[in-house]
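Here the structure is laid out as structure tokens; the discussion comes afterwards.
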Amino acid sequence: MEPESQSSVSRRRRKAVTYWITESVMAVLFLGAFQASITWSGQDMSAASLAFAGLPALVITLWGLLAARRVLALEDFERRVAVNALAITLLVTVWFVTVWGLLSQFAGVVELNSILVAPIAAFTWQITWFVLRARYL
């Protein structure tokens with residue numbers, strides 16, 4: 001293997017490891033923020049309760065900004081594949097949440113907690129990104 005291609009392969013592997021570490025850390029931060037908001041927020045509408053309820057939203061916002069930054073840093077073709085994965089993720093997540101809502105309303109299925117929509121979307125994003133990368137890149 002040529003030295004240029006070896007450095008390219010090692011750079012790609014380093015990017016992949018950094019990506020998975022970032023995703024894992026953000027998932028753990030989201031779960032931790034969610035658990036902290038459940039534990040520390042009270043039933044009253046105090047400022048502290050509202051701040052603790054906003055922790056998961058802050059983590060999701062940071063997660064989204066990091067994902068957008070990664071997509072913008074990609075090459076042109078990779079960016080188009082990533083945008084396609086995001087579009088598929090949006091459609092699948094909206095479909096899933098809508099179907100679950102209809103089932104809970106008309107078929108007696110347990111209601112979907114709205115806090116689970118972000119992890120469902122993140123999981124769907126990982127699957128579509130993996131499939132599209134395997135197919136096109």
- Message: Under 4.5 Å between side-chain heavy atoms, counting indirect links through other Ile/Leu/Val/Met/Phe/Trp/Tyr residues: same cluster for Trp20 and Leu29 or not?
- Response: no
- Message: Taking the side chain as everything from C-beta on, heavy atoms only, tell me whether Glu23 gets closer than 4.5 Å to Tyr19.
- Response: yes
- Message: Taking Leu66 as the starting point, is it possible to reach Ile21 by hopping between hydrophobic residues whose side chains are less than 4.5 Å apart?
- Response: yes
- Task: Output the distance between atom CH2 (Trp40) and atom CD (Gln35), rounded to the nearest 0.5 Å.
- Result: 10.0 Å
- Query: At what distance, to the nearest 0.5 angstrom, does CG of Leu90 lie from OG1 of Thr124?
  - Reply: 10.5 Å
- Message: Tell me the closest heavy-atom pair linking Ala85 and Thr128, and the distance in Å.
- Response: O-OG1, 3.5 Å
- Can you name the nearest heavy-atom pair linking Ala121 to Thr93, along with the distance? CA-OG1, 3.5 Å
- Should Thr18 and Thr22 count as side-chain neighbours, where that means a heavy-atom distance under 4.5 Å? yes
- Message: Can you confirm whether Asn84 sits close enough to Leu132 that some side-chain heavy atom of one is under 4.5 Å from a side-chain heavy atom of the other?
- Response: yes
- Message: Tell me whether Leu116 shares a hydrophobic cluster with Phe34, the cluster being built from Ile, Leu, Val, Met, Phe, Trp, Tyr side chains joined at under 4.5 Å.
- Response: yes
- Between Phe77 and Tyr136, how do the two ring planes meet: parallel, tilted or perpendicular, split at 30° and 60°? perpendicular
- Any chain of hydrophobic side-chain contacts (each under 4.5 Å) joining Leu62 to Val59? yes
- Once you round to the nearest 0.5 Å, how far does CZ of Arg13 lie from CZ of Arg11? 13.0 Å
- Message: Side chains of Leu112 and Ile120, heavy atoms from C-beta outward: is any pair under 4.5 Å?
- Response: yes
- Task: Check Val110 against Trp100 and note the closest heavy-atom contact, atom names and distance.
- Result: O-NE1, 2.6 Å
- Min side-chain heavy-atom separation Val81-Trp129 under 4.5 Å: yes
- Check whether Met26 and Val117 end up in the same hydrophobic cluster, where Ile, Leu, Val, Met, Phe, Trp and Tyr are linked by side-chain heavy atoms less than 4.5 Å apart. yes
- Would you give the length of the straight line joining atom CH2 of Trp63 to atom CD1 of Ile60, rounded to the nearest 0.5 angstrom? 8.0 Å
- Looking at side-chain heavy atoms only, is the closest gap between Phe30 and Ile115 below 4.5 Å? yes
